[in-house]
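These notes concern the structure reproduced below.
Residue numbers count from 1 along this sequence. Below, each value reflects all heavy atoms present in this structure, side chains not excepted, and no hydrogens, waters or symmetry copies.
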Amino acid sequence: EWKNGKNRFEKRGEKAWGLFINEECIAFAGVNIDPYIENNDGTIGRLRHVYVAQKYRGLGLSKVLVSTALEYAKKYFKVVRLSTNNPVARHLYESFGFTDTGETKNGKPILSIIL
């Protein structure tokens with residue numbers, strides 16, 4: 001999405017973070033205005049594309065990225081949402097206070113946190 005210009009994290013409150021070793025991006029996360037909320041007034045964000053390369057998992061990098069993203073998001077958003085069907089990722093998000101909304105997106109449960 002970055003390369004094709006679909007998502008550049010350029011709107012108000014949007015930002016992306018990458019962790020690199022030399023030129024290799026080993027972990028990534030971003031926050032967008034939630035594009036799936038109809039009539040979003042810009043106060044509902046979405047945690048997007050949280051990823052850690054396989055060989056770097058288990059080092060706490062996802063916790064660093066999620067905590068950084070949420071701390072930043074507090075300045076711009078009232079709520080942050082995400083979707084996942086990965087039980088390990090869900091456990092991570094719930095440890096930050098995300099809860100199940102009862103909604104789904106493409107078959108994945110949606111979680112949210114009030115900031």
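The two residues S112 and V79 have their closest heavy-atom pair at CB-CG1, 4.1 Å. Shown here for P87 and N85, the closest heavy-atom pair between the two residues is CD-O, 3.4 Å. For the residue pair A27 and V52, the shortest heavy atom distance occurs at CB-CG2, 4.0 Å. The heavy-atom pair separating C25 from G18 by the smallest distance is SG-CA, 4.4 Å.
Within the 4.5 Å cutoff, no side-chain heavy atoms of Y93 are placed close to those of H91. Counting heavy atoms from C-beta outward, I33 and F77 have side chains that approach closer than 4.5 Å. Taking the side chain as every heavy atom from C-beta outward, F28 and L61 never approach each other to under 4.5 Å. Within the 4.5 Å cutoff, no side-chain heavy atoms of Y76 are placed close to those of T43. Side-chain contact between F9 and H49: present, with at least one pair of heavy atoms (C-beta onward) separated by less than 4.5 Å. A heavy-atom distance below 4.5 Å is found between the side chains of R90 and D100. Counting only heavy atoms from C-beta outward, the side chains of L111 and T101 never approach each other to under 4.5 Å. Residues R57 and S62 are not in side-chain contact: their nearest non-hydrogen atoms beyond the backbone lie 4.5 Å or more apart.
When hydrophobic clusters are built by joining Ile, Leu, Val, Met, Phe, Trp and Tyr residues whose side-chain heavy atoms come closer than 4.5 Å, directly or via intermediates, I110 is not grouped with I113. Under the 4.5 Å side-chain contact rule for hydrophobic residues, Y72 and V50 share a cluster. A single hydrophobic cluster is not seen to contain both L92 and Y51; linkage of ILVMFWY side chains at heavy-atom distances under 4.5 Å, directly or through other members, places them apart.
In this structure, E71 contributes its side chain and S67 its backbone to no donor-acceptor pair below 3.5 Å.
Note that CD1 of I44 is 13.5 Å distant from CG of N32, once rounded to the nearest 0.5 Å. How far NZ of K105 is from OG of S83: 8.0 Å, rounded to the nearest 0.5 Å. One finds the CG atom of L115 at 12.5 Å from the NZ atom of K75 (value rounded to the nearest 0.5 Å). In this structure, NZ on K108 lies 15.5 Å from CD on E103, to the nearest 0.5 angstrom.
Under 3.5 Å, the side chains of T84 and N86 contain no donor-acceptor pair of N or O atoms.
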Next item on the list: Test V64 against W17 for side chain to side chain contact (heavy atoms under 4.5 Å, CB included), laying out the working first.
Entry: CA-CA 10 Å; V64 170; W17 297 265; over 6 Å; no
Next item on the list: Might you work through the side chain to side chain contact (heavy atoms under 4.5 Å, CB included) test for R46 and V31, ending with a clear yes or no?
Entry: CA-CA 6 Å; R46 189 165 194 91; V31 177; over 6 Å; no
Note to self: Walk me through whether F98 and L82 qualify under side chain to side chain contact (heavy atoms under 4.5 Å, CB included).
What the structure shows: CA-CA 9 Å; F98 280 87; L82 60 87; 3.5 Å; yes
Margin query: Test side chain to side chain contact (heavy atoms under 4.5 Å, CB included) on Y56 and I21; report intermediate values, then the result.
Written below: CA-CA 11 Å; Y56 297 101; I21 293 180; 3.5 Å; yes
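Screening K78, R81, R48 for a salt bridge (charged side-chain N to carboxylate O under 4.0 Å, His left out) with D34, the sole residue that qualifies is R81.
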